[in-house]
Amino acid sequence: MATPACNTFFSLPDLLSHLLPFLSTLDLTQLLLTNRTINSIYHFAFWGDIELTSSRPSRLLCGSPEALKAFGNNIDSVQSLKWNVSFSWYYIRALWKYLDTTPSLSHQWILTDALTHPKWGQLVGTLHDNSIVPLPPLLQLKSYTGKFRTTYKAPKRISQQPLDACTAHESHQHQLLWLLRLNRATLSHVRFEEPPFLSVRLVRDFCRTISQLDHLRSIQLVGPSRNLTPQFVKVLFFTCPKSLVEFYVLGGLDMAQEEKLLQPEQDDWDFDQGPLRFREEPLHHLTRLEISAPKSPNCLTNTFLGPILKQCPALETLRLRSIAGSHTFQNVAMTLRDHCPNITDLTVDSAAVSNGEALMHIMEQISGQRLEVVCLKWLFDRAPSKLAVAAITRHSETLRRIEFRDCEELKSSTVQVILMTCRALEVLRTQGEFSKICPILLKDAVEAEWASTRIRVLEIGVEFTPDGRDPVYVSDTTMATWTEQDHNHWNMLDKFYTQIGSLVELEVLNIKSSGTHPSEENEVTIEVPFRKACLPGLLALEDVTTGQLGFLSRWVGLIRLRELCGSFLWTNEEAASRIGASEVAWFVEHLPSLRKASFLAIPYMDEFGYEYVLPRAILDLRTRRPGLCVNDFM
């Protein structure tokens with residue numbers, strides 16, 4: 001008998017429809033087959049989103065006539081489709097068989113001349129393959145994702161194989177574009193992964209198809225393709241419908257003649273439609289643009305990126321890949337200033353040695369207190385300090401996220417001005433998989449109070465000492481032999497750790513200690529690996545009875561901290577000599593949200609591969625906090 005709570009739950013279909021997607025597909029299928037209420041509420045949504053991107057589901061579906069019939073019976077419910085080439089090839093032939101063998105007034109309006117054209121779809125005659133179950137047309141698609149590959153492998157049950165792999169592959173893409181045109185009244189999102197455009201004819205068919213999708217909001221082409229030339233990207237952009245909100249196209253940088261993309265030849269299927277026509281009016285709804293830039297500055301500024309940006313008056317998010325050349329950066333800055341006043345999110349991937357200065361120039365040209373996100377990969381921070389200060393403070397009230405991934409050069413003064421001026425900052429990342437540490441100097445980090453008090457994610461390098469190790473003076477816990485310089489340095493450490501401890505919103509902390517030491521020949525200096533460096537005085541509690549010095553208590557307010565990584569290894573010589581039962585108890589009691597911490601090197605081995613005995617402190621911490629991952633996860 002159903003309880004009142006159960007009846008209440010089933011009387012709220014909106015709540016039920018939001019909770020059911022969290023179930024596994026198998027459990028959800030069983031519920032739909034056994035519970036009428038759930039079936040009536042969620043049946044449409046269950047068939048509304050079909051994902052067949054991996055080979056096993058596609059193979060199982062093609063191998064089950066009953067499943068294929070169920071798919072066909074519910075095909076009008078399908079609004080989102082993600083599939084691989086194996087099932088899309090099967091479906092097109094199943095649809096061709098359906099149109100050829102099923103008399104129906106409902107699909108007489110469907111024109112198939114593009115499917116039968118010898119240079120387009122290449123579907124002719126009647127399919128007599130009994131292994132193919134006829135399937136009706138998909139006519140209600142709102143979202144489409146197709147993943148292509150250059151090699152084709154048909155399902156084993158299909159006896160009819162493509163004659164020529166290259167020809168079949170291209171003709172199949174024409175067939176899929178024909179299917180998209182069938183859904184021109186409903187499609188709003190189109191995504192192609194690894195788009196293998198093989199000919200100018202196919203590129204033109206693609207652009208012509210996209211231009212006919214009157215309600216399209218998002219177009220995404222993701223993955224390497226040598227045919228995604230600047231000319232193709234430009235033609236595609238200027239043939240997109242005015243409803244577009246997002247344009248995301250990443251590809252290669254080869255060159256091609258634009259005229260060939262526009263003008264069909266006499267024996268092409270689309271010859272009667274004439275050349276492709278460029279849209280003249282701007283895309284007033286486009287807010288997100290992500291493209292790869294060609295290597296030629298002249299091509300980029302004069303005929304490619306400039307004309308595109310001028311068509312984006314409402315642009316908010318701009319991501320440029322592979323941009324190079326100071327001339328290019330200057331033109332981007334001027335174009336954004338003149339035509340894109342609403343930019344709030346700027347990402348640039350550039351390996352140019354002038355990219356740091358160029359980024360600051362771009363930030364200078366964008367309207368003041370506008371930028372919220374700035375990301376730059378492979379940063380070479382060579383901008384004059386005055387320019388960097390001016391550019392960052394120009395947006396210091398609005399910047400929420402700053403990321404410098406895989407830095408090559410980053411000045412201490414740049415990190416300093418970010419921390420001292422950006423009041424809204426929530427994320428600061430200056431590290432990456434291939435980053436140099438590029439530290440902020442300790443004296444710069446504590447010169448003034450940080451304006452950035454809302455930080456949730458902080459990933460920085462810090463030079464506490466020249467060699468990345470404990471200063472010599474800390475060995476005298478009585479401070480009797482300390483010089484004035486030693487006391488000043490100790491006070492700076494106190495200020496820094498106290499500042500970190502005041503970041504009550506902090507969730508992820510990654511501090512890498514930086515240092516160098518001379519080589520054996522004393523000819524060059526060698527960077528100390530951050531795992532061998534330490535955070536002087538941090539991983540210990542101050543104890544007046546024993547004379548131990550430490551700053552760990554400064555972090556008592558970090559109750560939201562989830563991840564702690566960087567130079568925090570408890571196996572370091574300095575840390576191992578100080579961490580005891582009191583420190584273990586402190587980590588257990590005062591960091592309740594901590595789930596990951598880089599306390600132990602992976603996989604419990606030293607640099608020569610020898611296993612070592614786990615420190616007693618690590619064993620105690622594991623016992624008291626069994627859910628805490630203490631392995632180095634960097």
Side-chain angles (χ1 to χ4, degrees), residues 402-405 407 410 412 414-416 418-420 425-433 435-447 450 452-453 455-471 489-490 492-516 527-540 550-558 560-572 574-575 578-579 583 587 590-591 593-601 630-634:
I402 300 176
E403 296 189 16
F404 298 137
R405 293 287 192 174
C407 289
L410 176 60
S412 175
T414 301
V415 181
Q416 181 191 44
I418 291 173
L419 293 172
M420 305 300 177
L425 193 66
E426 297 178 8
V427 177
L428 174 60
R429 288 191 171 106
T430 65
Q431 304 300 308
E433 184 178 359
S435 284
K436 297 180 180 178
I437 294 183
C438 302
I440 180 174
L441 301 177
L442 180 61
K443 65 179 182 62
D444 290 343
V446 300
E447 185 174 299
W450 293 3
S452 306
T453 58
I455 295 179
R456 295 182 296 103
V457 178
L458 180 62
E459 298 181 0
I460 59 174
V462 182
E463 183 179 305
F464 296 101
T465 58
D467 60 359
R469 313 308 294 261
D470 263 353
H489 185 261
W490 189 252
M492 286 193 293
L493 289 173
D494 192 359
K495 287 182 180 179
F496 179 79
Y497 295 135
T498 301
Q499 180 67 66
I500 296 293
S502 69
L503 303 177
V504 294
E505 304 292 329
L506 196 63
E507 299 176 10
V508 177
L509 179 60
N510 179 353
I511 299 180
K512 294 180 178 178
S513 179
S514 171
T516 59
E527 186 175 279
V528 177
F530 72 87
R531 290 182 177 88
K532 290 183 175 295
C534 72
L535 305 175
L538 176 63
L539 295 178
F551 299 113
L552 189 56
S553 61
R554 308 297 192 271
W555 287 9
V556 70
L558 302 183
R560 298 187 180 183
L561 189 67
R562 295 182 289 102
E563 297 184 9
L564 186 64
C565 53
S567 301
F568 289 91
L569 269 67
W570 287 13
T571 51
N572 284 351
E574 292 88 349
R578 295 193 181 96
I579 296 175
E583 285 72 23
F587 273 98
H590 293 96
L591 299 180
S593 301
L594 194 63
R595 297 294 179 267
K596 292 182 178 181
S598 297
F599 293 158
L600 188 64
V630 297
N631 291 338
D632 182 9
F633 55 93
M634 290 294 296

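These values consider heavy atoms only, across backbone and side chains, with no hydrogens, waters or symmetry-generated copies.
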Qualifying residue, where the test is side-chain contact (heavy atoms from CB on, under 4.5 Å) with Arg554 and the options are Leu493, Ile500, Asp494, Leu538: Asp494
Among all residues two or more places apart in sequence or in another chain, which pass the side chain to side chain donor-acceptor pair (under 3.5 Å) test with Glu505? Arg560
Contacts of Glu426 meeting side-chain contact (heavy atoms from CB on, under 4.5 Å) (sequence neighbours excluded), chain-then-number -> Arg400, Arg456
Taking ring pair (Phe, Tyr, Trp, His ring centres under 6.0 Å) as the definition, give me every residue that meets it alongside Trp570, ordered by chain and number, with sequence neighbours left out. Phe587, Phe599
Heavy-atom closest contact (Arg562 atom, Leu594 atom, distance): O-CD1, 3.6 Å
Using every non-hydrogen atom in the two residues, find where Gly566 and Asn510 come nearest and quote the distance to one decimal.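 Smallest heavy-atom distance, with atoms named: CA-OD1, 3.5 Å.
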For Ser513, side chain to side chain donor-acceptor pair (under 3.5 Å) partners two or more places apart: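 Applying side chain to side chain donor-acceptor pair (under 3.5 Å) to Ser513 gives none.
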List the residues meeting ring pair (Phe, Tyr, Trp, His ring centres under 6.0 Å) with Trp450, not counting sequence neighbours, and say none if there are none. none
Which heavy atom in Leu425 sits nearest to a heavy atom in Val427, and how many Å separate them? CD1-O, 3.5 Å
Sequence-distant partners of Ser502, side chain to side chain donor-acceptor pair (under 3.5 Å), two or more places apart: Gln499
Listed by chain and number, what are the side-chain contact (heavy atoms from CB on, under 4.5 Å) partners of Thr453, not counting sequence neighbours? none
From Ser598 atom OG to Ile511 atom CD1, the distance as rounded to the nearest 0.5 Å: 12.0 Å
Enter the distance from Thr430:OG1 to Leu458:CG here, rounded to the nearest 0.5 Å. 8.0 Å
Does Lys495 have any side-chain contact (heavy atoms from CB on, under 4.5 Å) partners at least two apart in sequence or in another chain, and if so, which?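 Scan of Lys495 (side-chain contact (heavy atoms from CB on, under 4.5 Å), adjacent residues dropped) gives Val446.
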Residues at least two apart in sequence or cross-chain that pass side chain to side chain donor-acceptor pair (under 3.5 Å) with Asp470, listed by chain then number, are Arg578
Specify the closest pair of heavy atoms between Tyr497 and Leu535, including all atoms of both residues, with the distance to one decimal.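 Here Tyr497 and Leu535 meet closest at OH-C, 3.3 Å.
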Taking side-chain contact (heavy atoms from CB on, under 4.5 Å) as the definition, give me every residue that meets it alongside Thr465, ordered by chain and number, with sequence neighbours left out. Asp467, Pro471, His489, Pro536
Tell me the closest heavy-atom pair linking Leu591 and Trp555, and the distance in Å. CD2-O, 4.1 Å
Partner set under salt bridge (charged side-chain N to carboxylate O under 4.0 Å, His left out) for Glu403, not counting sequence neighbours: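 Counting only residues at least two positions away or on another chain, Glu403 forms a salt bridge (charged side-chain N to carboxylate O under 4.0 Å, His left out) with Arg401, Arg405, Arg429.
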What heavy-atom pair brings Leu569 and Arg531 nearest, and what distance separates the two atoms?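 Scanning both residues, the minimum pair turns out to be CD2-O, 4.2 Å.
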Do Ile440 and Leu419 pass the side-chain contact (heavy atoms from CB on, under 4.5 Å) test, and can you show the C-alpha distance, the side-chain angles, and the key distance before you say yes or no? CA-CA 11 Å; Ile440 180 174; Leu419 293 172; 4.3 Å; yes
Taking only residues two or more places apart in sequence, or in another chain, which ones meet Phe568 in a ring pair (Phe, Tyr, Trp, His ring centres under 6.0 Å)?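 Partners of Phe568 by the ring pair (Phe, Tyr, Trp, His ring centres under 6.0 Å) criterion come out as none, since no residue qualifies.
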To the closest 0.5 Å, what do you measure between CG (Leu561) and CZ (Arg595)?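 Output value for this atom pair is 11.0 Å.
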